[in-house]
Amino acid sequence: MLAFTLALLYPLVGLAAPVGHWRWDGSIPGSTMSSVNVSLVLTGIALVFDIAVGTPVAWYLSRASGRDTILWEAAVLISVLMPPLALGILLSLAFGPSLAPGAWLLRMGLPTTNSPIAFVATQFYVSVGYYIVAARAAISSVPTDLERTAALLGLRPWQVFRRITFPLARLGFAAAVSLAWVRALGEFGAIVVTSYYPSGMPVQIWINLQDAGMPAVMPLLLIFLLIALPLPWAIHLLAQRRGSDAVA
Amino acid sequence: MPLLEAHIVKTRRSFRLDVELRLKPGERLALFGASGAGKSTILSCLAGIETPDAGQIRLGDMILYPPSLPLHQRPIAYLTQNDWLFPHLTVGANVTFGLRGHETNGAGPWLEELKDRLGLGPLWNERAREISGGQARKVALARMLARRPPLVLLDEPFTALDHPTIHDLVDAIVKWHAELGFTLIAVDHRNQILERLCPRAAAIEDGRMVQEGTWPELEDAPATPKLASLLAQ
């Protein structure tokens, strides 16, 4: 186990690789802090959409028994399995000005490429499938008999979800949120097509690599890791603590 | 005027259930019969866990079926051999789970009685996942009765309990029936328990009610050889 863990963490040694002096100054092209802000704010918004849209879908998929469920599951899996670059190209075409939805959005003042909306929409597309798959597993872990019992005690469906399903599936939901966060924050292949600007951290890292080499990449890479990893850990730990404290 | 009028038709793999029930307010009826006769299916349809294929179910002024009334709108208590306590909540939170704010206000003395009679006081702040099976059954009973429902359905809730606990629970249910006046339908494979719980019984065989009456009436003139055999056990 130790050997496996060491092997798993070994890539982090790359942070100490001799790539020359890290360029912390403002001389690198683009704006490092701006990309951090873009990533944090817009990924946060995408995550809100993931949760708002994905939770009811996950609940439906875990509780529905009809044959049509197979179709909905397949649709969700397509979004998970789609190669990011292909998804980015398809999104830019499907919501481009040559097709009605994109043209309409453009007329409404909502540009679907190189805009915050494009950024959030792309992140939503790449991450919501992961959220749904994980949230569905979390909900499925709660026995339906517990939900039925709560309903027989007079609780409406949304109250059953709030008081029974969610508290019991809390750790699974934490995993779903973490997965969606990491997936959306780290997305590069689709984002670079649909939203080169405003540049999030992955795109900015790529720009830095192209224009100034590894010394300009390393500071942003470190910031990227510090931002991407602690939130999932924090959510997981919080869910674990609250899960064990939820007694009233 | 009956409290419960039900005609339940439900096709299962091995039989077709077709049973009519009429119970007055406060009446207690045992459903008696061999395993797989359809007794639990009747309770499940009344509670709303299963939906009948045809028929109708009326409880007081409420039509439970058709269309099937959502579970949360049915003023029915349903206790099975599985307690289904909410493991993340305390015993106290489980017992008061179904009480809304305004119901909790006047329920103090009643909750105290439930707590004292079932010996739940020392467990009140324990987590439900940490108590024993017998204690859990008592908590489930208290949770079910806390709302003071007009119809109580018991589907073999005494399974896997020791005799003193069964004795205690049956006594408690009979006492609270006298106080609260709920209508009770009970299913169990042991007629000794049913006889203590309910003065009347309906014998169910292969999805049909073959006889209904008091226990002495059933024992004196059982309608079928199978019923006679079951009563003799």
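The chains referred to below are lettered A, B, ... by the order of the sequence lines, with proteins before strands, and numbering in each begins at 1. The basis for the numbers below is simple: all heavy atoms, side chains too, and nothing from hydrogens, waters or symmetry mates.
Applying the 6.0 Å contact sphere to NZ of B:K24 captures no more than 12 heavy atoms from other residues, nucleotides or ligands. Other residues, nucleotides and ligands contribute more than 12 heavy atoms inside 6.0 Å of the CH2 atom of B:W124. Heavy-atom neighbours of A:F188 CZ from other residues, nucleotides or ligands within 6.0 Å: above the threshold of 12. Atom OH of A:Y125 sits in a sparse spot, with 12 or fewer heavy atoms from other residues, nucleotides or ligands closer than 6.0 Å. No more than 12 heavy-atom neighbours from other residues, nucleotides or ligands sit within 6.0 angstrom of CZ on A:R156. More than 12 heavy atoms of other residues, nucleotides or ligands shown are found within 6.0 angstrom of CG on A:L225.
Between B:H72 and A:P157 the shortest side-chain heavy-atom distance falls below 4.5 Å. Looking at heavy atoms from C-beta onward, A:T149 lies in side-chain contact with B:R143 at the 4.5 angstrom threshold. Between A:L146 and B:P87, some side-chain heavy-atom pair lies under the 4.5 Å cut-off.
Residues A:L168 and B:H88 come closest through the heavy atom pair CD2-ND1, 3.4 Å.
Contacts with chain A were tallied for B:N82, B:L71, B:T80, B:N94; B:L71 has the most, counting heavy-atom pairs under 4.5 Å.
Between A:L153 atom CG and B:F86 atom CZ the span is 5.5 Å, to the nearest 0.5 Å. Note: A:T144 OG1 to B:I49 CD1 = 9.0 Å, rounded to the nearest 0.5 Å.
Only the side chain of B:Y78 comes within less than 4.5 Å of a heavy atom of chain A; its backbone N, CA, C and O stay farther away.
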